[in-house]
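All values below come from the heavy atoms of this structure, side chains included, with hydrogens, waters and symmetry mates left out. Along the sequence shown, residues carry numbers from 1.
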Amino acid sequence: MTNLHLLQQTDIFFELGAEQLAGVAALCEEKRFGVGDLVFEENSASDELYVIVAGEVDILVDPSLVGDRAGSPSKPATIATLRRGQSFGEVALVDQGVRSASARSASHETRLLVIPRQALMDLCDQDPALGYRLMRNLAADLATKIRNTDLKIREELLYSRRGAHPESDR
C-alpha cells in the first residue's frame with residue numbers, strides 16, 4: 001500500500017483531493033518500531049504528526065502526574081490502542097505544546113508515517129483549501145478522542161467510588 005493510498009483512508013485527510021494528498025504524502029517519512037519501543041514520551045516536545053501504516057501503538061499516561069492511588073507505585077496506563085490508518089500526535093499541529101501522553105509500539109513491527117509539523121503547515125499556507133479541510137477534520141478527530149477520554153474518566157470515577165464504598169453498591 002502506498003503512502004498516498006493510506007492517507008486517503010485516514011480520517012484527518014478526509015475529502016482532500018488527489019493533488020493535495022500527493023503533497024502530504026511527499027512530506028512523509030516512514031519509521032519502524034519494535035514491540036515496546038517508545039515513539040515519544042509524555043511532556044516531550046511535539047512537532048510531528050504520526051499515521052500508522054502497520055502494527056499497533058499504545059497511548060499511555062503517567063498517573064503519578066495527577067497523584068497516586070493509596071501510595072502504590074504507578075506505571076503508565078494505556079488509554080488507547082491505535083491501529084492501521086489511525087493518526088496520533090495531532091495536538092502538535094495545533095499548539096506545539098508538550099506531549100500530553102506517551103506513545104509506544106505495541107507490535108513486533110510497527111510502521112509509522114511521520115509528518116513534520118512545519119512542512120505540513122507550510123503546505124496548508126500554500127493551499128488554504130487543504131488547510132481548511134485538514135483543520136476541520138483535525139477538530140472532529142480531536143473531539144471524538146476527547147469524548148472517548150471523558151467516558152473513560154467517568155467510568156474510572158464510577159468504579160473507583162464503588163470500590164472505595166462497597167456498601168453503596170447494595
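- Rounding to the nearest 0.5 Å gives a distance of 11.0 Å between CD1 of Ile59 and CD of Glu42.
- Hydrophobic clustering (ILVMFWY, side-chain heavy atoms < 4.5 Å, transitive): Phe88 and Leu93 are in distinct clusters.
- By the neighbour-count criterion of 12 heavy atoms within 6.0 Å, atom CG of Asp11 is sparsely surrounded, having that number or fewer from other residues, nucleotides or ligands.
- Side-chain contact between Leu113 and Tyr50: absent, with no pair of heavy atoms (C-beta onward) separated by less than 4.5 Å.
- Using a 4.5 Å heavy-atom threshold, the side chains of Cys28 and Leu7 count as touching.
- Residues Ile79 and Leu82 share a single hydrophobic cluster, defined by chaining ILVMFWY side chains whose heavy atoms lie under 4.5 Å apart.
- Nearest heavy-atom pair, Arg83 versus Gln86, reported as atom, atom and distance to 0.1 Å: N-OE1, 2.7 Å.
- Note: Gln8 CD to Leu6 CG = 9.5 Å, rounded to the nearest 0.5 Å.
- Taken from CZ in Arg104 to CG in Leu60, the straight-line distance is 4.5 Å, to the nearest 0.5 Å.
- Note: Ile52 CD1 to Leu112 CG = 6.5 Å, rounded to the nearest 0.5 Å.
- Placement of Leu123 and Ile12 within a single hydrophobic cluster is found when ILVMFWY residues are connected by side-chain heavy-atom separations under 4.5 Å, directly or transitively.
- Using a 3.5 Å distance cut-off with no hydrogens or angles, the side chains of Gln126 and Asp122 do not pair a donor with an acceptor.
- Val57 places none of its side-chain heavy atoms less than 4.5 Å from the side chain of Phe33.
- Residue Glu15 places its CD atom among more than 12 non-hydrogen atoms of other residues, nucleotides or ligands, all under 6.0 Å distant.
- Ser87 is listed as a side-chain neighbour of Leu49, based on a closest heavy-atom distance under 4.5 Å.
- In this structure, Val61 is not a member of the same hydrophobic cluster as Leu142, with clusters built from ILVMFWY side-chain heavy atoms closer than 4.5 Å.
- Between the side chain of Ser46 and the backbone N or O of Arg99, no donor-acceptor pair lies under 3.5 Å.
- Between the CE atom of Met121 and the CG atom of Leu27 there is a distance of 10.0 Å, given to the nearest 0.5 Å.
- The side-chain heavy atoms of Leu134 and Leu120, taken from C-beta on, include a pair separated by under 4.5 Å.
- Scanning both residues, Asp58 and Ala106, for their nearest heavy atoms gives OD2-CB, 3.6 Å.
- Under the 4.0 Å criterion applied to side-chain N and carboxylate O atoms, Glu109 and Arg32 are assigned as salt-bridge partners.
- Rounding to the nearest 0.5 Å gives a distance of 9.0 Å between CG of Leu130 and CE of Met135.
- Annotation for Val53 and Arg84: closest pair O-CG, 3.0 Å, computed over non-hydrogen atoms.
- With hydrogens and angles disregarded, no donor-acceptor distance shorter than 3.5 Å links the side chain of Ser107 to the backbone of Thr110.
- In terms of heavy atoms, Ser102 sits closest to Leu38 at CB-CD1, 4.3 Å.
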Stepwise side chain to side chain contact (heavy atoms under 4.5 Å, CB included) test for Asn43 and Asp62: CA-CA 10 Å; Asn43 292 319; Asp62 182 354; over 6 Å; no
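- Under a hydrophobic clustering in which Ile, Leu, Val, Met, Phe, Trp and Tyr are joined whenever their side-chain heavy atoms come within less than 4.5 Å, directly or via other members, Val51 and Val94 fall into the same cluster.
- Between the side chain of Lys31 and the backbone N or O of Val114, no donor-acceptor pair lies under 3.5 Å.
- When side chains are defined from C-beta on, Asp141 does not count as touching Phe14, because their heavy atoms never get closer than 4.5 Å.
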